[in-house]
Amino acid sequence: MEPRNITRISKFLLLGFSERPELQPLIFGLFLSMYLITVFGNLLIILAVSSDSCLHTPMYFFLANLSFVDICFTSTTVPKMLVNIQTQSNVITYEDCITQMNFFIIFSGLDIYLLAVMSYDRFVAICHPLHYKIIMNPWLCGLLVLVSWITSVLHSLSQTSMVLQLSFCAEVEIPHFFCELNQMIQLACSDTFINNLVMYLAAMLLAGGPLSGILYSYSKIVSTIIGISSAQGKYKAFSTCVSHLLVVSLFFCTGLGVYLSSAATQSSHSSATASVMYTVVTPMLNPFIYSLRNKDLKVVLKRIIGISLM
């Protein structure tokens with residue numbers, strides 16, 4: 001057999017959501033609004049936590065880190081899409097595509113790890129309240145965030161380095177609004193068996209592990225809350241973790257839903273639309289979920305922006 005004449009391409013085409021020109025202004029306005037709300041809302045959370053000493057606790061430390069990661073997570077995909085709509089071009093260079101994919105993997109992984117760390121924090125606070133300050137000391141909190149960063153970066157570098165070994169035979173159209181790992185592997189014309197194997201193994205270990213930790217933590221939290229005798233005590237204990245539980249449910253349910261549905265239907269455009277839920281909508285809703293359910297945070301935010309958050 002003669003080897004195929006494969007050359008490295010210089011660009012990809014991001015097809016986005018719709019090729020109909022009349023819908024582009026609507027899509028641009030919608031995503032610009034969601035992006036600005038995401039950045040502004042998460043910046044307010046970071047500002048509130050950093051400016052008030054009452055919020056200098058492990059729970060709010062992790063929340064501020066999650067808000068920072070959510071800003072970065074959304075910023076890896078939405079600005080490029082907005083630029084493409086505004087310039088009426090769907091081109092992204094090979095280098096930019098690889099870079100976007102690399103940072104997307106980093107910040108999506110960090111989202112997962114920080115949610116797991118926050119569930120462990122709630123587990124210690126509710127199940128071991130007398131030892132909470134000793135266990136969740138500043139050194140451990142910093143270490144947990146550092147390990148999350150290192151693990152996510154190493155995972156991203158391993159996945160990206162393997163994608164760099166793939167060949168693309170022609171000008172590739174990506175039926176998505178950003179360069180997503182699974183789409184890149186599917187569109188390659190070289191052998192992708194190892195890439196798929198590593199991708200799914202990494203998903204099982206690096207996403208399944210934190211998810212198992214979250215489920216274990218909340219199983220212990222629920223059993224502890226059930227054992228509390230007073231109804232007021234049960235409500236107080238549950239209220240400290242309900243916001244985090246909502247965010248976890250929203251992120252994992254939408255993320256898993258996207259990948260399970262894309263595997264079942266193979267409809268790339270529907271997968272791109274569904275991906276908006278965990279890449280854009282969830283980071284946008286996080287500040288509202290935490291601020292609306294947290295009295296201390298509401299007080300600080302009210303003082304910062306001068307309005308009441310109902």
* Is Phe12 reachable from Met162 through a run of I, L, V, M, F, W or Y residues, each pair having side-chain heavy atoms under 4.5 Å apart? -> no
* Pairwise distance CE(Met184) to CG(Asn182) - rounded to 0.5 angstrom -> 11.5 Å
* **For Phe251 against Ser108, the heavy-atom pair lying closest together** => CZ-O, 4.2 Å
* Which heavy atom of Leu187 sits nearest a heavy atom of Pro175, and at what distance? -> CD1-CD, 4.3 Å
* From CA spacing to verdict: side-chain contact (heavy atoms from CB on, under 4.5 Å), Phe178, Thr76 -> CA-CA 8 Å; Phe178 66 95; Thr76 60; over 6 Å; no
* Any link between Ile126 and Ile228 through a network of hydrophobic side chains (Ile, Leu, Val, Met, Phe, Trp, Tyr) touching at under 4.5 Å? -> no
* Between the side chain of Ser158 and the main-chain N/O of His155, is any donor-acceptor distance below 3.5 Å? -> yes
* To do: Take the angle between the ring planes of Phe104 and Tyr278 and call it parallel below 30°, perpendicular above 60°, tilted in between.
  => perpendicular
Side chains of residues 36-51: which donor-acceptor pairs under 3.5 Å do they make with residues two or more places apart or in other chains?
residue	atom	partner	partner atom	Å
Thr38	OG1	Met34	O	2.7
Asn42	OD1	Ser67	OG	3.3
Asn42	ND2	Thr38	O	2.8
Asn42	ND2	Pro283	O	3.2
Ser50	OG	Ile46	O	2.9
Ser50	OG	Leu47	O	3.1
Ser51	OG	Leu47	O	2.8
Ser51	OG	Ala48	O	3.4

* Asked: Nearest 0.5 Å, what's the CD-CD1 distance between Gln159 and Ile185?
  -> 6.5 Å
* Ile112 and Leu115, any side-chain heavy atoms less than 4.5 Å apart -> no
* Please tell me if the side chains of Val147 and Tyr113 come closer than 4.5 Å, counting only heavy atoms from C-beta onward. => no
* Asked: Can you tell if the side chain of Ser75 reaches within under 4.5 Å of the side chain of Tyr35, non-hydrogen atoms only?
  -> yes
* Asked: Is atom CZ of Phe103 surrounded by more than 12 heavy atoms (other residues, nucleotides or ligands) closer than 6.0 Å?
  -> no
* To do: Look at the aromatic rings of Tyr94 and Phe168 and report parallel, tilted or perpendicular, splitting at 30° and 60°.
  => perpendicular
* Asked: Is there a donor-acceptor pair under 3.5 Å between the side chain of Asn137 and the backbone N or O of Ile135?
  -> yes
* Point-to-point distance, once rounded to the nearest 0.5 Å, from CD of Gln186 to CD1 of Ile174 -> 11.0 Å
* Asked: Heavy-atom distance under 4.5 Å between the side chains of Glu180 and Ser275, does that happen here?
  -> no
* State whether the side chain of Asp121 and the backbone N or O of Val117 hold a donor-acceptor pair below 3.5 Å, judged by distance alone. => no
* Verify same cluster id: Val222, Val124 (apolar side-chain graph, 4.5 Å) -> no
* **Hydrophobic cluster membership, Phe193 vs Leu201, 4.5 Å side-chain cutoff** => yes
* Structure fact -> Between Ile105 and the options Leu206, Leu110, Leu181, the side chain to side chain contact (heavy atoms under 4.5 Å, CB included) test singles out Leu181
* With sequence neighbours excluded, residues passing side chain to side chain contact (heavy atoms under 4.5 Å, CB included) with Leu157 -> Asn102, Val153
* To do: Determine whether the side chains of Ser119 and Tyr216 contain a donor N or O and an acceptor N or O closer than 3.5 Å.
  => no
* What do the steps show when you test Thr279 against Phe177 for side-chain contact (heavy atoms from CB on, under 4.5 Å), and what is the final call? -> CA-CA 11 Å; Thr279 59; Phe177 67 98; 3.6 Å; yes
* Just say parallel, tilted or perpendicular for the rings of Phe68 and Trp149, cut-offs at 30° and 60°. => tilted
* Might you work through the side-chain contact (heavy atoms from CB on, under 4.5 Å) test for Phe31 and Val280, ending with a clear yes or no? => CA-CA 8 Å; Phe31 277 86; Val280 182; 4.1 Å; yes
* Asked: Testing Leu144, Val69, Asp70, Leu63 for side chain to side chain contact (heavy atoms under 4.5 Å, CB included) with Leu114, which one passes?
  -> Val69
* To do: Count the heavy atoms belonging to other residues, nucleotides or ligands that lie under 6.0 Å from NZ of Lys220, then report whether that count exceeds 12.
  => no
* Verify same cluster id: Phe28, Val83 (apolar side-chain graph, 4.5 Å) -> no
* Answer yes or no: is there a side-chain heavy-atom contact under 4.5 Å between Ile225 and Ile221? => yes
* Structure fact -> Heavy atoms of Cys141 and Pro58 approach each other most closely as SG-CB, 3.6 Å
* Structure fact -> Closest non-hydrogen contact found for Ser190 with Ser167 is OG-N, 3.0 Å
* Starting at CD1 of Ile194, measure out to CE of Met199 and round the result to the nearest 0.5 Å. => 12.5 Å
* Asked: Do Ile85 and Met81 have side chains that get closer than 4.5 Å, going by heavy atoms?
  -> yes
* Asked: Would you say Val91 and Asn84 make side-chain contact, with heavy atoms under 4.5 Å?
  -> no
* To do: For the residue pair Phe123 and Tyr120, categorise the inter-ring angle as parallel (less than 30°), tilted (30 to 60°) or perpendicular (more than 60°).
  => tilted
* Asked: Quick check: does any side chain N or O of Gln100 sit under 3.5 Å from a backbone N or O of Cys179, one acting as donor and the other as acceptor?
  -> yes
* Asked: Met136 and Phe62: side-chain contact (heavy atoms from CB on, under 4.5 Å), yes or no, with the steps?
  -> CA-CA 11 Å; Met136 300 304 296; Phe62 296 133; 3.7 Å; yes
* Would you say Thr93's side chain and Asp96's backbone share a donor-acceptor pair under 3.5 angstrom? -> yes
* Structure fact -> Value for CZ (Arg122) from SG (Cys127), rounded to nearest 0.5 Å, stands at 10.5 Å
* Rounded distance [0.5 Å steps], OH in Tyr60 versus OH in Tyr290 -> 11.0 Å
